[in-house]
Amino acid sequence: MTTELSQNYDPAEVETKWYKAWEESGCFEGNIESKKEPFTIMIPPPNVTGVLHMGHVLDNALQDIFIRRARLEGKSALWFPGTDHASIATQVKVEKVLRDQGTSRQELGRERFLERAWEWSEEHGGAIFKQLRKLGASCDWRRSRFTMDDAYQLSVQHAFVELYNRGYIYRGKRLVNWCPASQTALSNEEVDMRPQKGKLYKMRYEILEEPGRFVEISTTRPETIMGDTGVAVHPDDARYADLVGKHCWRPFPREKIPVVADRAVEKDFGTGVLKVTPAHDQVDFDIGKRHGLPLIDVMNPDGTLNGLAGEEFDGMDRFDARKAAVAKLESLNLLIEAEDYDNNVGYSERAGVPIEPRLSEQWYLKYPRVEEAKRAVAKGIVRFHPKRWEKVYLHWLNNIQDWCISRQLWWGQRIPVWYRKDSDRSDPDNWHVSVEGPGDPESWEQDEDVLDTWASSNLWPFATFGWPSSEPKVKAELDYFYPTSMLVTGFDIIFFWVARMIMSGLELTGEAKDSLGDEEIEARIPFKDIFIHGLIRDSKGRKMSKSLGNSPDPLDLIEKFGADGLRFGIINIAPSGSDILFSEDRIEIGRNFCTKLWNACRFRQMSGELSSNDSLDRILDRLAGSSLDGYGNWVLNRLLETTREIENQFERFEMHQLTHSLYRFFWGDFCDWYVEAAKAMLQSKNDPRHGVALAVSDLVIRQSLQLLHPVMPFITEELWQAMGFGQEGSFLQDTCLPKAAELSEALALRGVVVDEVGARRIEEVNGLISQARAIKAEYNVAPKRDVVLFISPADESSSSIVTANLDTIKKLAGAATIDLRDQVENLPGAVSALGTVYLDLSSAIDVETEKERLGKELEKLGKAIQVGEGKLNNDSFVEKAPAAVVEGARRQLAETKAKREEVARLLESL
RNA sequence: GGGGGAUUAGCUCAGUUGGUUAGAGCGCUUGCUUGACAUGCAAGAGGUCGGCAGUUCGAAUCUGCCAUCUCCCA
């Protein structure tokens with residue numbers, strides 16, 4: 001079943017064709033196959049209304065690579081897809097639409113708003129799945145889950161109730177990050193610190209006990225003066241020691257407030273005197289607590305000031321209030337100066353407005369299993385790749401703070417708590433917490449709030465399977481697929497998501513227990529390996545954003561480079577660092593590599609029959625009994641090396657070298673050297689080496705396609721079929737990728753022993769060819785095959801290698817004839833490990849050019865000899881270094897010396 | 001203030017337990033329509049591996065200090 005390859009590769013056609021065939025055949029479906037080892041990845045669920053961006057391309061290309069590799073290794077692979085409801089992000093978008101339509105969620109009411117949100121998510125949802133298919137993602141689409149699915153919501157409620165009953169969830173009144181735009185609390189992780197150009201105001205408050213004496217105070221937030229309930233200085237600050245215990249006048253509303261001493265005050269900041277506004281700042285809140293200062297909340301939920309701020313400020317926006325407060329200070333002659341000041345201000349990540357520390361009653365989660373979560377990573381039960389991210393993870397866990405999980409939003413999972421009607425909500429006696437709700441609903445009202453999105457997505461690895469249902473299917477699947485094999489995600493959500501999944505997995509996927517042993521940890525963790533990749537930025541290192549317009553649409557890139565080209569390109573530039581600088585130039589390599597692959601196969605098709613390719617055994621049998629030529633041996637040796645290299649990369653999760661290994665071997669070794677060398681053997685069908693060259697090519701191409709398939713699934717599938725490697729109705733991914741050791745053994749079984757020493761000699765032949773080409777280039781001789789070369793071999797064995805490969809050397813160096821001679825005079829020559837190669841020039845040689853070239857070479861060799869001799873003359877090197885290293889150095893030095901002698905002789909002869 | 005990371009060719013980056021004369025892609029220069037491929041082929045220029053000290057027979061690699069940049073947390 002072979003097809004002739006067209007002259008050009010058409011990704012669009014090939015990609016559509018194969019994705020359809022794959023999906024229809026069900027080959028992406030992950031099922032329990034008890035004889036196979038499971039390999040599971042849960043997709044980091046994208047926002048339901050999101051569209052594919054470059055970050056998704058990288059993240060999902062990586063997951064697909066691991067999943068497809070697992071299939072080739074004979075595992076039962078499951079890549080579980082789904083989407084996240086993205087509570088605040090989606091609500092913000094829907095509210096914007098409502099605003100544009102002249103209405104608001106408040107006007108619609110909860111029920112109708114939720115209808116609109118569902119409409120929105122159904123209308124825009126699923127788009128990203130179509131895009132992921134274009135990318136080639138081999139997810140088990142049948143299983144796709146949405147965090148707002150009924151079953152998933154049930155899991156979330158169950159988890160809440162369970163954690164509540166186990167004492168991890170409590171209600172608390174404290175300062176939260178308040179978003180005045182969305183009017184909800186946010187967790188610390190949802191707040192971005194952004195540098196701001198602001199003003200630092202210096203003002204003065206009069207001392208109550210000493211009329212006429214003032215204390216100078218610096219602040220960036222004069223609009224909160226009305227909430228001041230104290231003034232603080234550092235206890236060691238001699239300047240103000242006498243003031244502690246006295247009072248000063250808050251200018252408006254005029255009120256006496258105490259001066260307290262507290263270590264939280266920075267002596268060197270501003271005047272060293274801090275106004276304390278406990279209801280509007282975390283530090284002030286803590287100071288207020290220590291000194292018993294009252295809390296005065298002067299702000300409304302929407303960020304306007306309220307009546308407590310005084311009549312003139314009532315209803316004023318917080319930013320206007322700042323100006324008004326400054327003006328008022330000025331009019332009271334209390335403002336000393338206003339200087340420019342750069343500071344960091346917290347912004348709501350989603351709504352993009354400055355957050356407001358605000359006193360509020362919320363639900364908190366005291367994280368469960370913190371100790372075990374640390375132990376899981378410290379002991380290597382859960383492994384980060386690259387490893388350094390475990391430091392970031394552990395550092396966060398060591399400084400962990402309770403998590404505010406309630407959100408004053410509507411789009412999301414409603415908190416399963418009911419309060420007795422018309423009663424005090426702060427009193428737990430009036431609470432009902434359950435999945436089912438109270439038996440007499442008419443006497444209760446449900447908490448209006450929903451849960452933080454991450455409080456539902458942290459159950460993703462097991463809730464997707466149906467946890468905590470006791471259905472046999474759910475149990476069997478969890479038994480088989482959980483813990484999942486790995487997680488692939490960006491470093492930016494290690495806190496948001498990764499750590500929280502680990503803790504919830506440890507707490508919820510088994511019985512409630514005081515502490516967990518290592519074996520229990522191993523059974524409960526959500527995944528064993530965490531592959532962390534960087535974030536994609538533009539070529540100047542800026543974040544990709546719609547407003548900058550520096551974020552390319554992946555679908556455009558797919559159109560331009562092909563999905564395979566994009567995948568190869570993006571993986572190729574994704575190093576293990578934290579940022580990935582993207583530019584189109586840098587992924588061209590992917591498209592070019594596809595073209596190369598295509599053409600190499602096309603050349604193979606032109607070179608001979610493809611009729612006996614349909615199994616590895618049949619190809620190997622074609623090699624049985626035939627003696628492998630030098631280049632065949634060399635390229636098979638490189639094939640085995642490359643296969644081994646890639647095995648190691650997958651074992652170690654070091655993907656940054658993957659494309660380099662594949663590229664170097666297929667392009668740099670196979671195409672550039674083997675195919676070119678084989679052309680000599682393929683010239684005549686009567687050449688006994690003809691069949692061997694075809695069999696070697698087929699073996700290399702077959703194995704390469706398998707190795708490349710995880711990175712470039714489409715083109716490899718197309719070529720696999722076209723080259724006759726496939727069998728009717730089967731796909732590349734259903735085949736078994738032989739390991740290097742297995743392949744080597746299978747070859748040996750047929751009497752083909754790949755020999756490394758012989759391979760090294762071919763490297764030397766290549767070196768000689770390069771030298772010949774270099775001389776020709778130096779003399780501007782066109783690389784045609786009409787020159788005459790002379791070679792004087794370095795020794796007997798070199799002579800036989802050169803002789804054995806003479807037609808290849810001719811072909812690759814571009815020579816009509818090559819004569820072996822002992823000595824050659826007055827011709828430009830270059831020295832290689834195998835001997836000296838000379839270019840026969842019909843005209844006289846350019847002595848000056850030649851002198852310069854050889855002089856440079858001589859200098860280089862001289863330096864190398866100095867280094868080598870220095871080492872070997874050093875007794876302690878010879879004594880202490882490993883014998884192999886010393887031996888290597890000796891051999892190297894001898895070779896270099898011989899070369900230098902030869903170059904010196906050439907120079908002399910001029 | 002606390003913690004992480006980076007610094008290697010013009011640019012973006014490899015360099016895995018320290019061991020030949022430090023590599024790749026892009027860019028640059030030169031020459032090639034060699035019947036697989038100009039999305040290509042060949043040759044070449046370009047680096048005192050941020051600085052200083054230390055450990056070692058041997059350091060881009062390990063340790064310390066310094067400098068610059070960067071990210072995260074407060």
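Bear in mind the structure is a predicted one, so any value in this text is a computation, not a measurement. Chain naming here is simple, since letters A, B, ... match the order of the sequence lines and numbering starts at 1 in each. Only this structure's heavy atoms are used, side chains among them; waters, hydrogens and symmetry mates stay out.
In this structure, K679(A) does not reach the U34(B) phosphate: none of its side-chain N or O atoms is under 4.0 Å from OP1 or OP2. Between K899(A) and U21(B), a side-chain N or O to OP1/OP2 separation shorter than 4.0 Å is absent. For K391(A), no side-chain nitrogen or oxygen approaches OP1 or OP2 of C73(B) to under 4.0 Å. W389(A) has no side-chain polar atom (N or O) that falls below the 4.0 Å cut-off from OP1 or OP2 of C71(B). The phosphate of G40(B) has neither OP1 nor OP2 within less than 4.0 Å of any side-chain N or O from T595(A). Side-chain N/O atoms of N592(A) include one lying less than 4.0 angstrom from OP1 or OP2 on G40(B).
Remark: G1(B) base-pairs with C73(B). Criterion, Watson-Crick or G-U wobble with two distances under 3.5 Å. As the counterpart of G58(B), no nucleotide is assigned, since no Watson-Crick or G-U wobble pattern has both distances under 3.5 Å. Nucleotide U12(B) is matched to A24(B) when pairs are restricted to Watson-Crick or G-U wobble geometry with both distances under 3.5 angstrom. C65(B) is paired with G51(B) under the criterion used here, namely a Watson-Crick or G-U wobble arrangement in which both key atom distances are under 3.5 Å. Pairing of G40(B), defined by two Watson-Crick or G-U wobble distances under 3.5 Å, is identified with C32(B).
Nucleotides A22(B) and U48(B) have their P atoms positioned 12 Å apart, rounded to a whole Å. Taking the C1' atoms as reference points, C66(B) lies 26 Å from G15(B), given to the whole Å. The P atoms of C65(B) and G3(B) are separated by 12 Å, rounded to the nearest whole Å. U8(B) sits 15 Å from G51(B) when the C1' atoms are compared, rounded to a whole Å. Nucleotides C26(B) and G40(B) place their P atoms 8 Å apart, quoted to the nearest Å. Going from the C1' atom of U56(B) to that of C73(B) covers 39 Å, rounded to whole Å. Here, A36(B) and G50(B) have their P atoms 45 Å apart, quoted to the whole Å. Nucleotides C41(B) and A6(B) place their C1' atoms 38 Å apart, quoted to the nearest Å.
For the pair Y663(A) OH and A24(B) C1', the interatomic distance rounds to 9 Å; values are reported in whole Å. Between Q7(A) atom CD and G40(B) atom P the separation is 15 Å, expressed in whole Å. One interatomic measurement links the two molecules: CD of E879(A) to C1' of G58(B), which rounds to 14 Å at whole-angstrom precision. Rounded to an integer number of Å, the gap from NE2 of H656(A) to P of A6(B) is 12 Å. Taking atom CG on L581(A) and atom P on U7(B), their separation rounds to 13 Å, with Å as the unit. The distance between atom CD of E584(A) and atom C1' of G25(B), rounded to the nearest whole Å, is 17 Å. Remark: C1' of C69(B) and CZ of R542(A) are 18 Å apart, rounded to the nearest angstrom. Nucleotide C57(B) holds its C1' atom 6 Å from the NZ atom of K880(A), rounded to whole Å.
Put simply, the side chain of K776(A) gets close to the backbone of G814(A): a donor and an acceptor are under 3.5 Å apart.
By the 4.0 Å N-to-carboxylate-O rule, R221(A) lies too far from D281(A) to be salt-bridged with it.
Within 4.0 Å (heavy atoms only), S770(A) reaches sugar-phosphate atoms of the nucleic acid but no base atom. If you check every strand for non-hydrogen atoms under 4.0 Å, V781(A) touches nothing. Across all strands, C671(A) comes closer than 4.0 Å to base atoms (heavy-atom distances). Across all strands, D585(A) comes closer than 4.0 Å to no nucleic acid atom at all (heavy-atom distances).
Under 3.5 Å, the side chain of E654(A) and the base of A14(B) form no donor-acceptor pair of N or O atoms.
Residue R602(A) has its side chain nearest to A36(B) when only A43(B), U16(B), A36(B) are considered. Closest to the side chain of N599(A), out of C37(B), G5(B), G15(B), is C37(B). Comparing C37(B), C57(B), U21(B) by their nearest atom to the side chain of S876(A) picks out C57(B). Closest contact between the side chain of F603(A) and the listed nucleotides G40(B), G19(B), A36(B) involves A36(B). The listed nucleotides are G5(B), U39(B), G19(B); the one nearest the side chain of R591(A) is U39(B). Of the listed nucleotides (U21(B), A42(B), G40(B)), A42(B) has the atom at the smallest distance from the side chain of R773(A). Side-chain proximity of A881(A) to the nucleotides G19(B), A14(B), C41(B) is greatest for G19(B). Closest approach to the F495(A) side chain among G19(B), U16(B), C72(B) is made by C72(B) (side chain taken as heavy atoms from C-beta onward). With G4(B), C57(B), G40(B) as the candidates, the nucleotide lying closest to the side chain of V392(A) is G4(B).
A 4.5 Å side-chain heavy-atom check between I769(A) and W673(A) finds at least one atom pair inside the cut-off.
Minimum interatomic distance between Q771(A) and V831(A) (heavy atoms only, all atoms of both residues): NE2-O, 2.9 Å.
Using cut-offs of 30° and 60° for the angle between ring planes, the W403(A) and Y367(A) rings count as parallel.
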Run the ring-ring contact (aromatic ring centres under 6.0 Å, His included) test on F593(A) and F568(A) for me, step by step, so that the C-alpha distance in whole Å, both residues' side-chain angles and the decisive distance to 0.1 Å come before the verdict. CA-CA 8 Å; F593(A) 191 53; F568(A) 188 96; 4.8 Å; yes

